[in-house]
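Keep in mind that the numbers below use all heavy atoms, side chains included, and drop hydrogens, waters and symmetry copies. A note on names: the letters A, B, ... follow the listed sequences, proteins ahead of strands, and every chain is numbered from 1.
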There are 2 protein chains.
Amino acid sequence: MSKRVGLKDIAEALNVSITTVSRGLNNKFDISKETRKAILEKADELNYRPNAYAVSLRKNEYFTIGVIVPSVDHYFFSTVLKGIMNKAHLSNYLVLIGESTHDLNKEKEVIEQFVSHCVTGVIISPSNKSSYSNNLDILVKKRIPYIVVDRPVKESDAPCVKYDDPNGAFLAVEHLIEQGYRKIAYLKSYDYCVISNARFQGYKDALAKHNIPFNPNFVKTCHLIDQENQEEEGFFATKQLMLAVDKPDAIFAVNDDLAAGAYRLAEKLNLNIPRDLGVVGYSNSQISRHLKPQLTTVEQPGIEMGELAFDFLQQSIIGNKSKLTKTFDARLIVRDSSIRGAETKYKKQKDNKRYANSI
Amino acid sequence: MSKRVGLKDIAEALNVSITTVSRGLNNKFDISKETRKAILEKADELNYRPNAYAVSLRKNEYFTIGVIVPSVDHYFFSTVLKGIMNKAHLSNYLVLIGESTHDLNKEKEVIEQFVSHCVTGVIISPSNKSSYSNNLDILVKKRIPYIVVDRPVKESDAPCVKYDDPNGAFLAVEHLIEQGYRKIAYLKSYDYCVISNARFQGYKDALAKHNIPFNPNFVKTCHLIDQENQEEEGFFATKQLMLAVDKPDAIFAVNDDLAAGAYRLAEKLNLNIPRDLGVVGYSNSQISRHLKPQLTTVEQPGIEMGELAFDFLQQSIIGNKSKLTKTFDARLIVRDSSIRGAETKYKKQKDNKRYANSI
DNA sequence: TTGAAAGCGTTACCAG
DNA sequence: CTGGTAACGCTTTCAA
């Protein structure tokens, strides 16, 4: 294995000092045209690349940021990451990526690794369970700037790029109510899931505003282990709901994949969406446009959120002390899965006695 | 900004030498229980974290790998990245991520940054255009191990985790032929796209095997700029095809998103899939299962490919000289969009004179 | 215009 | 068991 070529190698080849080589490479003024040219040529010939570790160590300047997401192949997070990459590349930052997989210990490990690697800042979309952890304190103690994306953490006033989750849910549920649905079920995630709870709040608020009593039987917990199982979880949760005596007439799911499960169940039971069952998802993921009927869902502008998170981080790095917090306004994307009146378009059966009177 | 705490700070606080502190922290044997304990406690108290830059520089051991993909929010690549993350975390490697966005210059920049950052190895899914570049030579010259994922690069014999793309296309097209389709169109990407060309080859091979003359009018180039525009491109390409005098009776698309565009066009023209138009996509992305009818597609096991790529990289890093190359067997996932006979299930109209006789 | 030397935070070697 | 010293590759300061 050939050793890395360093300043020394160039210096020796040219019979000049290391200092001179460094100067030549860094475009300093106090150097003659010829030596500079010779140095540049030799560096090129030897395929010299500066050792960023040595440079950073010496200059005490580090140009790496760390990004932590629960899962890189999750649609929304991959989108946030994309936004971060866009900006990071422009600013010449390198991006270290870590997955927490919703595991607090792993999240902690990653943070510690990042700290060791002298990241200039961190952008983190905390694990679902993070509100019960102090993982971020590590960064606080080290005075490493960080921006939280998507998930509010405790009552913390950390710089944060959020989405108005409760309101997103509120808009979704109110929309269902306006469409005439009255028995709206909520497909949630684990109890400790901050996101799920925030949306639950919006769900309840919308019911309350319209004087619809909250029915705990209409709330089902889904076990969101990985990307693959979500649809199935949605399927089974909806199944339980629809086989009960008191059935809901609409489903509000904490994400689109769960909603897709509801579609599958509806198909199986010959329920027409949106006539027999209104469905609204969350995230505006790729599949939402491709489901039939197209799924009404809450938009989450991941790329923009990622880009803003990076901007905030940069602000924080350069010492901007103002409150770096932004909450993106919730926006409901109304499509056909929740529009009563759109039903005929997708009707497969003339009628279905069992569910026809569900309003 | 408080300075980073280092060995020196601990040493001073405890009135021992830096050497001793280093020993204590690193679990060396030649140190007394008490000093060790004191050191550990003080380190904890001061919130000490080793500076990985200094450690690496000194030990000349680097524990970072670089990953380069065209786009992090592209379904397949995010999935490859996931596989890499799985393994990297287990091996305690840090992962630097870079996007080429199919831009050779950007790809080169990223590679150079990675080299500067002393990555131990690189996993790269080259840009579409990479077969015309020498970007990988940078790594070769630096003797940095790398693994190419997904896209074969030139005639290069670089370690590689591939997918049998031509055969995937071959299976797809042969399947269509077996289902009775004869006028099969191909929705391709740019001419320089290695992937698109590999699939094109499989397409032509399948036609040849079954003595179906190749019709260049059935080949449409789509401009795949970003995630968003793909469906639209597929829509317009299919539109051109279906408005021509000599219409195809099936579409084989280079990816699922393009295929989704074909669905939209079919819906608009009231074409029944699969009866009037068979459709096969590529990638088995999330949407493929959710399209109606479900889309027949070619599987691409991104996670497994990513995991294997990391394993290969590790082999390469420890100096394993054997040929680290694996081509995943192509597998066609047959669903309803290409099964003649399944059509009634999704039929919306009794008949459609214009296209009914398209077989 | 050039070079010698110090030092970034750490570990390895050798001496005590 | 402990500590001094050199070195990793580079930049910076100071002196020539």
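- Across the protein-nucleic acid pair, Ile10(B) atom CD1 and dT11(C) atom C1' stand 15 Å apart, rounded to whole Å.
- Which of dT10(C), dT11(D), dA12(C) sits closest to the side chain of Arg58(A) comes down to dT11(D).
- Relative orientation of the Tyr192(B) and Tyr190(B) rings is parallel, given thresholds of 30° and 60° on the angle between their planes.
- When the nearest nucleotides of DNA chain C are assigned to Arg23(B) and Val55(B) by heavy-atom distance, the more 5′-ward of the two goes with Val55(B).
- Here the P atom of nucleotide dA7(D) and the CD1 atom of Ile18(A) are 12 Å apart, to the nearest Å.
- To the nearest angstrom, C1' of dG3(C) lies 14 Å from CG of Leu7(A).
- Inter-residue side-chain proximity for Glu99(A) and Asn86(B) is flagged as met; some heavy-atom pair is nearer than 4.5 Å.
- For the pair Lys59(B) NZ and dC13(C) P, the interatomic distance rounds to 12 Å; values are reported in whole Å.
- Within the 4.0 angstrom heavy-atom criterion, only backbone atoms of the sugar-phosphate kind lie near Thr35(A); the bases stay farther away.
- At whole-Å resolution of the value, CD in Glu12(B) and P in dG3(D) are 13 Å apart.
- The CD1 atom of Ile31(B) sits 14 Å away from the P atom of dA12(C) (whole-angstrom rounding).
- For Lys33(A), the NZ atom sits in a loose shell: 12 or fewer heavy atoms of surrounding residues, nucleotides or ligands are nearer than 6.0 Å.
- Counting any heavy atom pair closer than 4.0 Å across all strands shown, Thr19(B) reaches a base atom.
- The separation between Ile39(B) atom CD1 and dG3(D) atom C1' is 12 Å, rounded to whole Å.
- At a cut-off of 3.5 angstrom, counting only N and O atoms as typed in the model, there is no donor on one side facing an acceptor on the other between the side-chain of Arg49(B) and the base of dG9(C).
- Applying the 6.0 Å contact sphere to NZ of Lys108(A) captures no more than 12 heavy atoms from other residues, nucleotides or ligands.
- Among the atoms of the strands shown, only primed sugar atoms or phosphate atoms (P, OP1, OP2) are found under 4.0 Å from some heavy atom of Lys28(B).
- Close to dC8(C), at under 4.0 Å from its OP1 or OP2, lies no side-chain N or O of Asn51(B).
- Comparing dC1(D), dT11(D), dG3(C) by their nearest atom to the side chain of Asp30(B) picks out dC1(D).
- In terms of position on DNA chain D, the residue among Asn15(B) and Val5(A) whose nearest nucleotide sits closer to the 5' end is Asn15(B).
- OP1 or OP2 of dT10(C) has at least one side-chain nitrogen or oxygen of Tyr48(B) nearer than 4.0 Å.
- One finds a side-chain N or O of Thr20(A) lying less than 4.0 angstrom from the OP1 or OP2 phosphate oxygen of dG3(C).
- Tyr62(B) comes within contact range of no nucleotide atom at all, as no heavy-atom separation falls under 4.0 Å.
- Note: Tyr53(A) and Tyr53(B) meet the aromatic proximity criterion, with ring centroids under 6.0 Å apart.
- Using modelled atom types, one finds no donor on one side chain facing an acceptor on the other under 3.5 Å when comparing Asp103(A) with Thr101(A).
- Regarding Leu14(A), its CG atom lies at a distance of 11 Å from the P atom of dT2(C), rounded to whole Å.
- Contact annotation: Ser32(B) side-chain N/O to dT2(D) OP1/OP2 distance is under 4.0 Å.
- Between Ser56(B) and dT10(C) there is no side-chain polar atom (N or O) within less than 4.0 angstrom of OP1 or OP2.
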